[in-house]
There are 2 protein chains.
Amino acid sequence: MDAPRWLDEREDRAWRGYRRMRRLLDLELARELMQDAGLSEPDYDVLSDLSETPDQRLRLSELADRMLWSRSRLSHHLARMQQRGLVTREECPSDGRGSIVVLTPAGRRAIEAAAPGHVAAVRRHLIDLLTPEEMDALAALSHRVVDHLAGPDRGRAAPTAADPAA
Amino acid sequence: MDAPRWLDEREDRAWRGYRRMRRLLDLELARELMQDAGLSEPDYDVLSDLSETPDQRLRLSELADRMLWSRSRLSHHLARMQQRGLVTREECPSDGRGSIVVLTPAGRRAIEAAAPGHVAAVRRHLIDLLTPEEMDALAALSHRVVDHLAGPDRGRAAPTAADPAA
DNA sequence: ACGGGTTGGATGACATGTCAACGACTGGGT
DNA sequence: ACCCAGTCGTTGACATGTCATCCAACCCGT
C-alpha cells in the first residue's frame, strides 16, 4: 500500500453519509422500538426470524447463521429472552447436541404487537424518503456488497493476497 | 396504526439488503482494521476526528457531538485509549469543568499507520463496487435520511405526535 | 465397536456500551 | 455578591457482545 489512494470528494460524501445514516437511523429505530414495544432490535430480529418460520421453531445454529450472529452471542441472548418468557428451548430429536429455539405464545404476541409500529418507523425514517430509483439502487448496491463479502471466502479468513491453501 | 402497510417486495429487498450489508461490511472492516493496525473502529474514529483538527485537540463534548456519541461513552473510551497512550486529557482554560482531548505522538503514528490500509479496505469492499450513479444515490439518500432525523427535533425527544412543549 | 477429529452449544472472563446519578463549575437574574 | 438552573465530564452499576474453552454427541474409517 505505497500510494494510498484517498477518497475523492464524491466518494467521501457517500462514505460519510452512509456512516452517519447508519448511526442515526439505528439509534432512532432502536429508541422507538424500545419505547413502543419494550424490545431491543436484537430481540426483534430473533422474534421476527422465528415467527417467519413454519413451526415457529429453528435450530439454534440455523438461526445464528441467518442472523449472521455467533452461536455464542445467540446462546447468551436466548438465555435472557428465555427468562422473559419470549422463547424456550427444546431438545433436538435428530441430534443429541442440538437445541431448538421455539417461539412462545408470549413471544408471538410480542412480535405481532411490535411489528406494525416498527415497520411504520422504518418507512417514516427511511423507505418513504427514497425515490423508486434510489430504492432500487440501494437494493442493488447492498446485495452486490454482500455477495462480494460472502463470495471470496465463504465466511472464512482474509482473502487479501497469496494464500498457501490451494 | 390500524392498517399496517407492510413493505412490498422492492422495499423489502432494499431494507434487507441494507441491513445485511451493514452487518457484513462492519464485521469485515473491523476485522481487517484490528488485524492490520491493532485498532477497533471506535478507536479509529476517535483518532481520525482528532487528527483532522488543526491542533490535534478537541473539547470532549465537541468530539462527542461530532461522533454522535454520548459523553459518557466517550469518557469511558478515552480512559482506555489514554491507558494505551493514544490520547491525553488537558484542562480547559476557558471552562473549569471542561477537558480537552489531545492526540499524542503515538496516537498520530497509529492513525497514520492505519489510515492507508483502512481506506483501501473501504474501497475494496464498498466504494470500488459502486457505479458513479450508485455512489451519488447513496450520498444523496443518506444525507436526506440524516437531515430528516436531525431536523424535526435537533437530537432531542420523540417527534412522533402532538408535543405539549411549544 | 472403537478412536480420532469435528461440530453444536454452553459457559466464564472480559471488553464495550448504556443509563442514572453525582460533584464541579458556569452564567444570568436579582 | 449571591442564588440557582443548567451544563460538563466522571463514575458505578448494569446490559450486551466477544473470545477462548469446554463437554457431549456426531461422523467416519477401520
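Chain letters run A, B, ... following the sequence lines, proteins first and then strands; every chain starts at 1.
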Rounded distance in Å - [atom1] ([X]) to [atom2] ([N]):
{"X": "A:R84", "N": "D:dA15", "atom1": "CZ", "atom2": "C1'", "answer": "11 Å"}
{"X": "B:R59", "N": "C:dC25", "atom1": "CZ", "atom2": "P", "answer": "13 Å"}
{"X": "A:L74", "N": "D:dT16", "atom1": "CG", "atom2": "P", "answer": "14 Å"}
{"X": "A:Q82", "N": "C:dT11", "atom1": "CD", "atom2": "C1'", "answer": "15 Å"}
{"X": "A:L68", "N": "D:dT18", "atom1": "CG", "atom2": "P", "answer": "12 Å"}
{"X": "A:E62", "N": "C:dT7", "atom1": "CD", "atom2": "P", "answer": "17 Å"}
{"X": "A:R71", "N": "D:dC23", "atom1": "CZ", "atom2": "P", "answer": "19 Å"}
{"X": "A:D43", "N": "D:dA15", "atom1": "CG", "atom2": "C1'", "answer": "11 Å"}

Charged N-O contact under 4.0 Å between [X] and [Y]:
{"X": "B:D45", "Y": "A:R23", "result": "no"}
{"X": "A:R31", "Y": "A:E28", "result": "yes"}
{"X": "A:E62", "Y": "A:R66", "result": "yes"}

TODO: Would you please classify the geometry between the B:Y18 ring and the A:Y18 ring as parallel, tilted or perpendicular, with 30° and 60° separating the classes?
DONE: perpendicular

Output yes when at least one side-chain N/O atom of [X] is less than 4.0 Å from OP1 or OP2 of [N], else no.
{"X": "B:H77", "N": "C:dT16", "answer": "no"}
{"X": "A:R73", "N": "D:dG17", "answer": "yes"}
{"X": "A:R89", "N": "C:dA10", "answer": "yes"}

TODO: Quick one: label B:R80 by what it contacts on the DNA or RNA (base, sugar-phosphate, nothing), any heavy atom closer than 4.0 Å.
DONE: base

Task: Other residues, nucleotides, ligands: >12 heavy atoms within 6.0 Å of B:R16 CZ - done: no

- [ ] Report the nucleotide, chosen from D:dT10, D:dA24, D:dT18, that has the shortest atom-to-atom distance to any side-chain atom of A:H76.
- [x] D:dT18

TODO: Taking only the side-chain heavy atoms of B:S75 (C-beta and beyond), determine which of D:dG9, D:dT10, C:dT18 contains the nearest atom.
DONE: D:dT10

Task: 5' precedence on DNA chain C between A:S72 and A:R97 (nearest-nucleotide basis) - done: A:R97

